[in-house]
Amino acid sequence: MDFEPTRNLALELVRVTEAAALMAGRFMGRGDKAAADHSAVEAMRLVLNSIQMNAIVVIGEGEKDNAPMLFNGERVGTGSGAEMDIAVDPIDGTRPLAHGTYNAISTVAVAPRGTMFNPGPFVYMDKIAVGPAAKGKINIEAPVADNLKAIAKASGKTVEDLTAIILDRPRHAQLIAEVRRNGVRIRLIPDGDVAGALMTAWPDSGIDVLFGIGGTPEGVLAACALRAMGGEIQGKLFARNEGELRRGREMGYDFEKILTMDDLVSTEDVFFAATGITEGELLHGVKYFGKGARTDSLVVRGLTGTVRQIVATHRWDKLSQLSAIKYQDLTPD
């Protein structure tokens, strides 16, 4: 039986992340996280509202850091078409962007209404993520050494061949020591664990596993992408103190439950796009050349398992005639 090609919403979403990256990239190394975030959010919102969909922001941006927001509950899209949940992170890695370092990206994911995990106010999650070779072989509650052995065996490597990626935080001192005791190489990153999780499923990144406590919203975004990329992520909500733990339990959240891929996004019908802002192992950063810029993006569709890498050249003279976004007008007042 022949079927007509269906709409790949991810190919429209990549315009959203490209716009955010083009604006945010202007702030690389300038030390102003708030200005970069604001420019990315405004560009992202403008393009999102041009897409034919009726979407509600389930995973918003900025609540954890008091940054400008695409806030939870905000409606985006034209208001017609499919009812969707949307998760956004206009800049995953605001600190690397502000400092001019690696792996800042812009991300967005969309899935049918009611299919994305809503973490509410609980913004931290313990995570483990792997690529396709080790899918089904990990357990977030197992000892680090056991997970490393399972990943190595599934990947056809020795444990000493593995590379783990971990957020560089004091809370991870014990985790880092345990990984080192097993002879595994470690890539410490200052921020940006969406990119870190995706690297585990990206063949040329050299990353085998992501460990550690990072953002819950970032975990949902990573799950959306890893569904199509063939990888796996597991998580457990992490309470920062007794008060947060008590409040979560009162709201019905289970901090002992292992959150699987199906818990984080309960459908294969998911779309994800990411665009590099600064250079990284996953994506190249924005390159400006006077009359325009070049972007590098990852576009993922869950139903088909299709993963595209899109390199685009943008011309300011053409964009200025069509877009309300002022890609060149970023002169301080």
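Position 1 is the first residue of the sequence; numbering continues from there.
The CZ atom of Arg15 sits 8.5 Å away from atom CD of Glu18, with the distance rounded to the nearest 0.5 Å. Met125 CE to Gln234 CD: the interatomic distance, rounded to the nearest 0.5 Å, is 11.0 Å. Distance check, rounded to the nearest 0.5 Å: OG1 of Thr94 to NZ of Lys33 gives 4.5 Å. Distance check, rounded to the nearest 0.5 Å: CZ of Phe122 to CZ of Phe255 gives 5.0 Å. To the nearest 0.5 angstrom, Ile91 atom CD1 is 7.5 Å from Ser106 atom OG. Here the CG atom belonging to Leu264 is positioned 10.5 Å from the CE atom belonging to Met116, to the nearest 0.5 angstrom.
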Open item on the list: Please determine whether side chain to side chain contact (heavy atoms under 4.5 Å, CB included) holds for the pair Thr107 and Val88, giving the CA-CA distance in whole Å, both sets of side-chain angles, and the decisive distance to 0.1 Å.
Closed with: CA-CA 6 Å; Thr107 68; Val88 301; over 6 Å; no
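With sequence neighbours excluded, no residue forms a salt bridge (charged side-chain N to carboxylate O under 4.0 Å, His left out) with Lys135. With sequence neighbours excluded, the residues that form a salt bridge (charged side-chain N to carboxylate O under 4.0 Å, His left out) with Asp317 are Arg315. Residues satisfying the salt bridge (charged side-chain N to carboxylate O under 4.0 Å, His left out) test with Asp191, not counting sequence neighbours, are Arg95, Arg169.
Of the candidates Ile128, Ile233, Val209, Ile128 is the only one forming a side chain to side chain contact (heavy atoms under 4.5 Å, CB included) with Ile138.
Relative orientation of the Tyr327 and Trp316 rings is parallel, given thresholds of 30° and 60° on the angle between their planes.
Other residues, nucleotides and ligands place more than 12 heavy atoms under 6.0 Å from the NZ atom of Lys157. Residue Arg185 qualifies as open at atom CZ: its count of foreign heavy atoms under 6.0 Å is 12 or below. Annotation: Lys287, atom NZ; neighbour count of heavy atoms from other residues, nucleotides and ligands within 6.0 Å is above 12. The 12-atom threshold is not exceeded at NE2 of His284, counting heavy atoms of other residues, nucleotides or ligands nearer than 6.0 Å. No more than 12 heavy atoms of other residues, nucleotides or ligands shown are found within 6.0 angstrom of CE on Met28.
Of the possible donor and acceptor atoms, one in the side chain of Thr200 sits under 3.5 Å from a partner among the backbone N and O of Ala197. Distance alone, capped at 3.5 Å, is enough to place a donor-acceptor pair between the Arg171 side chain and the Ile213 backbone. Between the side chain of Asn54 and the main chain of Ala82, no donor-acceptor pair closer than 3.5 Å is present. No donor-acceptor distance shorter than 3.5 angstrom exists from the side chain of Asp92 to the backbone of Glu218, with no hydrogens or angles considered. Remark: the backbone N or O of Thr163 is paired with a side-chain donor or acceptor of Asp208 at under 3.5 angstrom. For the pair Asp296 (side chain) and Val311 (backbone), a donor-acceptor distance under 3.5 Å is absent. At distances below 3.5 Å, not a single donor-acceptor pair connects side-chain atoms of Ser266 with backbone N or O atoms of Asp263. A donor-acceptor pair is defined here as one N or O able to donate and one able to accept, closer than 3.5 Å; such a pair exists between the side chain of Thr278 and the backbone of Thr101.
Met44 places none of its side-chain heavy atoms less than 4.5 Å from the side chain of Val41. Side-chain contact check for Asn182 versus Glu160: every heavy-atom pair is 4.5 Å or farther apart. Counting only heavy atoms from C-beta outward, the side chains of Ile189 and Ile165 approach each other to under 4.5 Å. In this structure, the side chains of Val179 and Val144 come closer than 4.5 Å at one or more pairs of heavy atoms. Taking 4.5 Å as the limit, every side-chain heavy atom of Val110 sits out of range of all side-chain heavy atoms of Asp85.
Within the cation-pi definition used here (under 6.0 Å to the ring centroid, within 45° of the axis), Arg26 qualifies as a partner of Tyr288.
Ser297 and Thr275 form a side-chain donor-acceptor contact under 3.5 Å, judged by distance and modelled atom types alone.
Put simply, Val47 and Val299 are part of two different groups of oily side chains (I, L, V, M, F, W, Y) that touch within less than 4.5 Å, one to the next.
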